[in-house]
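Right, one structure below, let's go through it.
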Amino acid sequence: MTVQATAPTTADATTRQTSRPAAAARPVRWAADAVSALREGARVRLDYSAQSLWRVDRLIEEIRREGAPFAAVETVLRGLGAYAGEVVVRQTGAEWWTSAGEHWVRTPDGRLWDPVDEARRCFAGDGSLRLLCRDATGGGRR
């Protein structure tokens with residue numbers, strides 16, 4: 001019996017490339033919802049670039065300065081944190097990981113990052129999604 005090897009098709013490569021772990025389902029949806037809500041409600045366009053996280057940090061700062069209670073913005077913060085995580089995933093080839101309802105990004109070097117918690121820290125005045133991305137992607141290394 002002979003087995004003939006076939007070259008992978010474009011469909012095979014696309015399936016492999018777009019296939020995401022189940023852990024990514026929720027944060028990817030949260031990020032997409034945040035992008036959509038900001039585009040429609042605030043006319044802010046986010047493009048999943050590291051540079052767009054400057055704008056996200058400023059948005060969170062504005063929300064904090066307005067004195068919004070955490071409970072009122074918790075879902076927005078979760079979406080913005082997930083958005084930052086997706087930026088890291090797309091920049092580094094990282095993967096989403098989940099355990100006990102928490103979601104992290106694991107970069108190819110094995111480090112775990114918690115962008116959703118970082119968004120909460122931003123709201124508290126002690127965090128930065130832009131800096132988390134910089135550190136996770138190696139942009140801060142010299």
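Heads up: numbering here begins at 1 and tracks the sequence.
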ask   = Can a salt bridge be assigned to the pair R58 and E62 using a cut-off of 4.0 Å between side-chain N and carboxylate O?
value = no

ask   = Below 4.0 angstrom, N of the basic side chain to O of the carboxylate: do E86 and R90 qualify?
value = yes

query = Would you say the side chain of L132 lies within less than 4.5 Å of the side chain of V88, judging by non-hydrogen atoms?
reply = yes

inquiry  = I want to check something: taking the side chain as every heavy atom from C-beta on, are R106 and R111 in contact at a cut-off of under 4.5 Å?
reply    = no

request  = Mark yes or no for whether R55, through its side chain, and R45, through its backbone, hold a donor-acceptor pair below 3.5 Å.
outcome  = yes

message = Donor-acceptor pair, distance only, cut-off 3.5 Å: does the side chain of D114 make one with the backbone of W104?
response = no

request  = Quick one: pull up CZ in R120 and CD in E74 and give me the separation to the nearest 0.5 Å.
outcome  = 6.5 Å

ask   = When rounded to the nearest 0.5 angstrom, what is the spacing between CZ in R64 and SG in C122?
value = 9.5 Å

What is the minimum heavy-atom distance between [X] and [Y], and which atoms define it?
X    : Y    : answer
H103 : R26  : NE2-CB, 4.0 Å
T107 : A136 : CG2-O, 3.7 Å
D47  : S49  : OD1-OG, 2.6 Å
W96  : A82  : CZ2-O, 3.5 Å
P115 : G81  : CB-O, 3.1 Å

Which residues share a side-chain hydrogen bond (donor to acceptor under 3.5 Å, both in side chains) with R29, sequence neighbours left out = D33

ask   = Can you name the residues that form a side-chain hydrogen bond (donor to acceptor under 3.5 Å, both in side chains) with R121, not counting sequence neighbours?
value = E118, D126

inquiry  = Between V105 and L112, is the side-chain contact (heavy atoms from CB on, under 4.5 Å) condition met? List the steps.
reply    = CA-CA 6 Å; V105 171; L112 288 173; over 6 Å; no

inquiry  = C133 vs W113, test: side-chain contact (heavy atoms from CB on, under 4.5 Å). Steps then yes/no.
reply    = CA-CA 9 Å; C133 180; W113 304 88; over 6 Å; no

key: L38: hydrophobic cluster co-members (side-chain, 4.5 Å)   = V35, V44, L46, Y48, L53, V56, L59, I60, I63, F70, V73, V76, L77, L80, Y83, V87, F123, L129

